[in-house]
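Each remark here refers to the structure printed beneath this line.
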Amino acid sequence: MGTLTRSEDRALPASISDVLSGSVPEGRKVRIRGWLSNRRSSGGVVFLIMRDGTGWLQCVARRDVLGDKKLDELEKLPIESVLELEGSVRADKRAPGGYELSIDRYRILSVAWPDYPIAKKYHGPDFLLEKRHLWIRSKKMWCILIVRSKLLKAARSWLDEHGYVEVQAPILTASACEGGATLFPVDYFGRKAYLTQSWQLYGEAFIASVGKCYTLAPSFRAEKSRTRRHLTEYWHLEVEIPFCDLKCLLKVIDEFITHICHELADKAAEELRTLGRDPADLARVEPPFPRLKYDEAVEMLQAEGVQIEWGEDLTWTCEKVLASEFDVPFFVTHFPKTAKAFYHKPDPERPEVTLSADLLAPEGYGEIIGGGERIDDYETLLARIREEGLDPADYEWYLDLRKYGSIQHSGFGLGVERMVMWVCKLDHIRDAIAFPRLVRRRSSWSTTMMPMAYALVRS
RNA sequence: GCCGCCGUAGCUCAGGUGGUAGAGCGGCGGGCUGUUAACCCGCAGGUCGUGGGUUCAAGUCCCACCGGCGGCGCCA
């Protein structure tokens, strides 16, 4: 046995992911800090399962090393207490993750109360939503949050590398954007304002300044949608592209979504596997995605016996039937004018349909992206605004964009939680976001974690 | 907005046809020298969602309300 130098003798600050990745040599002394997520004991040995935000690590305290008093202290320490541990790394097949820490020394940084409400057993959704501020510590929520973060990172890096500029627009707005969706009204110094449903209209203004651009921001829908795929507050990644027609838009989405899927398959494989998603499902995604015209979709659905008339928007039942036919994302394009918002450009060859496209996720997950080519002609836009019964005065600035240098342009909006739900194979959208805002629920954490806008709405 | 189901211990649930409550987990005490949501023994813990009604008697039957879950519609 060689003599240890001073630097090797001193414990190296390390994260749990460092240890689990095998980058810390076996026998090396390290110091980790984290929360005690579980504890098991067997007389002379106590297993502490530690969590530090980068992973979970089994740490072993032995009576013959630490003595009776210290072992008893560790054995009785409440779950969720915070510890600083020093010890040596060792590979052991019996340890989850293949590595564990043999504890030499420890310091208790915070003693938790003994009544941590989340037990090591199955809990119902109501309880977990009420205890969400604690449940986000669970392995499942941790995996989802990591995947979500990596998804957004991949999205941003693709956009940045392709010359898109990130911009921001107000959340409080004066008028509607999407025709059908319902708005949350807000009292704005005695006048009425609304929480935004979409950045898109602003996006169309931005393209004449910075060109290709995007934003990542919350959008709000006041619909009392009682489903497993709706939030009243969700994160919306919206992109707007000048000099781009529908064909160009589909190509952008092909490449954008493919990049995200490949990045996740590569960089979030372990988290995805833990969630029950085979990374190969995402690695398989390749452009171009299948393209289906609305007409063909209706024919397919009618052939399957689904009740749908040409001109109606695709209902959830329709989406599910279509989405179960594919194992990769696919487009539905050329929706009828009657099923889409006023700004969608009519197809010059067939004015009753629009140059629109939705991207549906496979396996029955349904729509994750909505977009299309926008109307660039002043008169056509004005006519469509009137046709929908909207007040042109509310859209004066938007109409201006068609007066001063109007060009062909397209864009899309990605429902971030919808995409997270699909890639993580979740059965409910509430788990795709840390603190879900749902129609029929006001959890205890809503009060203090409620954004100012909501406080205004409620007053 | 519509349809269906549910509400019993901190949590998950069991309590045929009415006779004032049980289990597992969690907590507390003890045991176990390699555990994997560890396990074993013991203890504590409940105005049965709220209000009203039927009855000698209601967790159980009836009505209303509140809360939750699932599905449809609308949408990302």
Exercise. For the rings on A/His236 and A/Tyr234, is their centre-to-centre separation under 6.0 Å?
Worked result: yes
Problem set entry | Whether A/Tyr116 stacks on the six-membered ring of B/G26 base, 5.5 Å and 30° limits | no
Exercise. In residues 289-317 of chain A, what residues come within less than 4.0 Å of RNA chain B, judged by heavy atoms?
Worked result: A/Asp313, A/Thr315, A/Trp316, A/Thr317
Seminar exercise, completed: Mate of B/U12 across any strand shown (Watson-Crick or G-U wobble, both atom pairs under 3.5 Å) is B/A23
Exercise. Which residues in residues 58-77 of chain A have at least one heavy atom lying under 4.0 Å from any atom of RNA chain B?
Worked result: A/Gln58, A/Arg62, A/Glu75, A/Lys76
For this session: Decide salt bridge (Lys or Arg N to Asp or Glu O under 4.0 Å) for A/Glu86 and A/Arg107; before the verdict, give the C-alpha distance in whole Å, the side-chain angles of both, and the deciding distance to 0.1 Å.
Result: CA-CA 9 Å; A/Glu86 272 183 40; A/Arg107 206 152 64 88; over 6 Å; no
For this session: Report yes or no: is there a donor-acceptor pair, N or O only, under 3.5 Å between the side chain of A/Ser225 and the base of B/C74?
Result: yes
Problem set entry | For A/Trp135, ring pair (Phe, Tyr, Trp, His ring centres under 6.0 Å) partners two or more places apart | none
Exercise. Applying salt bridge (Lys or Arg N to Asp or Glu O under 4.0 Å), which residue pairs with at least one partner in residues 317-331 of chain A are found, sequence neighbours left out?
Worked result: A/Arg284-A/Asp327
For this session: Please state the P separation for the pair B/U12 and B/C3 - nearest whole angstrom.
Result: 28 Å
For this session: Please state the C1' separation for the pair B/C2 and B/G73 - nearest whole angstrom.
Result: 8 Å
Seminar exercise, completed: Contacts of A/Tyr214 meeting ring pair (Phe, Tyr, Trp, His ring centres under 6.0 Å) (sequence neighbours excluded), chain-then-number -> none
Exercise. Residues from residues 104-114 of chain A sitting under 4.0 Å of RNA chain B, heavy atoms only?
Worked result: A/Pro114
Exercise. Using atom C1' of each nucleotide, how far apart are B/C13 and B/U8 to the nearest Å?
Worked result: 9 Å
